[in-house]
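The structure appears right after this line, and notes come after that.
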Amino acid sequence: MRKALAAGTLLLFLAACSGGGSGQIKVTLVQGLAGEEFYETMACGAKAKAKELGVQLDVQGPQKFDPTLQTPIVNSVTASKPDAMLIAPTDVKAMIAPLTQAKQQGIKIILVDTVVDDPSIGLSRISTDNEKGGAAAAKALAEQIGDKGKALVISTDPGVSTVDARIKGFEQEIKASHPNISYVGVQYSHNDVGEASRIVNAALAKDPDLAGVFATNLNSATGAGTALQQAGKLGQVKMVGFDAGPAQVKQLKDGVVQALIAQLPGDIGAKGVEQAVNAVKGQQVTPSIPTDATIVTKDNVDKPEVQKVLYKAGC
Ligand code: T6T
């Protein structure tokens, strides 16, 4: 009788360790922005890996890249007690409190893409080397504009770790190696396509001799490119954009943008699920995983290896 009880206790213990009574590990991915190709491609990678590993995966995300909209989602995910949460936090500071609460509930947190300013949050951090990507964007833009003239940066909001690092890498590269490029600074679009367009229109009015634009993400690039096109500035103003969604690839083919820095969001999602499972099972977790980036141009966009890294609207 005692032996049977001990065996039963052991079974319950093993079930708890493997992430719930059903034995299936439950993971929720909280995107930075629902329906946007970077995060949808990330969700596709996460779903495929979850299927392979027999993990139950739920995907949620706010309608805007905004911590005031992402916070209630994180809170409700915390209340639903998954074993692990993959999250792309929308602000380095504002998301610390809700994520601390999730952590205190025993939920394993894996940061995908963006991070927060508290290094104790996130058992694993998986992302592109964004500073390096920003420097690569600066080099590509410098080449396009003959290493001289005025250059503008369009970003989303300060406090988003990824785009802030891209700006830093861009600025450092310009300062260190491109003395004839006059950097006119960064302007913030709040990740809104229309606002990015308005910013570029105003910049063209102020600096009609603007030579180049670096757009730090999808929506910034879509808006900035549309403005250049509508102002009839194609050819005169060159552009490099981070990310490679369908609209960016069209802009590349149309000659609106000259180079794209494509990330690997699908890999980020897949690796995130792997790390989450390791964490839940008490296995070794890798604290920091860098993923690759590819420079996409009109010349290489049709190559099969480059086609593979372009983002998708769905799986
Ligand atoms: O550039 C990606 C992502 O890396 C960034 O953190 C936010 O913007 C994107 O989702 C693209 O729009």
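In listed order, ligands and their atoms are each counted from 1.
The only option from N191, T162, T156 that meets the side chain to side chain donor-acceptor pair (under 3.5 Å) definition with N217 turns out to be N191.
When the heavy-atom distances from atom 2 (C) of ligand 1 to V160, N130, D243, L218 are ranked, the shortest goes to D243.
Atoms of ligand 1 found under 4.0 Å from any heavy atom of Q263, numbered from 1 in the order shown, are 1 (O), 2 (C), 3 (C), 4 (O). Proximity to T162 (heavy-atom distance under 4.0 Å) selects the following atoms of ligand 1: 5 (C), 6 (O). Within ligand 1, counting atoms from 1 as listed, the ones closer than 4.0 Å to a heavy atom of F38 are 2 (C), 3 (C), 4 (O), 10 (O).
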Fill in: salt bridge (Lys or Arg N to Asp or Glu O under 4.0 Å) between K26 and D58, worked out
CA-CA 8 Å; K26 292 193 186 106; D58 177 35; over 6 Å; no

Worksheet entry | E274 vs K271, salt bridge (Lys or Arg N to Asp or Glu O under 4.0 Å): CA-CA, chis, key distance, verdict | CA-CA 5 Å; E274 260 168 16; K271 291 193 163 113; over 6 Å; no

Discussion item. Salt bridge (Lys or Arg N to Asp or Glu O under 4.0 Å), that's the test. Do R198 and E195 meet it? Break it down for me.
Written reply: CA-CA 5 Å; R198 278 189 288 279; E195 187 55 25; 3.1 Å; yes

Discussion item. Show, in sequence, the C-alpha distance, side-chain angles and deciding distance for I25 and K281, and conclude whether the side-chain contact (heavy atoms from CB on, under 4.5 Å) test is met.
Written reply: CA-CA 9 Å; I25 294 175; K281 287 185 171 169; 4.2 Å; yes

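Ligand 1 is never approached by E37 to a heavy-atom distance shorter than 4.0 Å. Ligand 1 has at least one atom lying under 4.0 Å from a heavy atom of T114.
Protein heavy atom closest to atom 7 (C) of ligand 1, with residue, atom name and distance, is Y39 OH, 3.7 Å. Shortest contact from atom 8 (O) of ligand 1 to any protein heavy atom: N217 ND2, 3.0 Å. In this structure, atom 12 (O) of ligand 1 lies nearest to the protein heavy atom E36 OE2, 2.5 Å. Considering only non-hydrogen protein atoms, atom 3 (C) of ligand 1 sits nearest to D113 OD2, 3.3 Å.
For the pair D254 (side chain) and V256 (backbone), a donor-acceptor distance under 3.5 Å is absent.
Across all their heavy atoms, S189 and S220 have their closest contact at OG-OG, 3.8 Å.
Under 4.0 angstrom from ligand 1, the non-hydrogen atoms of R166 all belong to its side chain.
Below 30°, between 30° and 60°, or above 60°: for F214 and F170 the angle between ring planes is below 30°, a parallel geometry.
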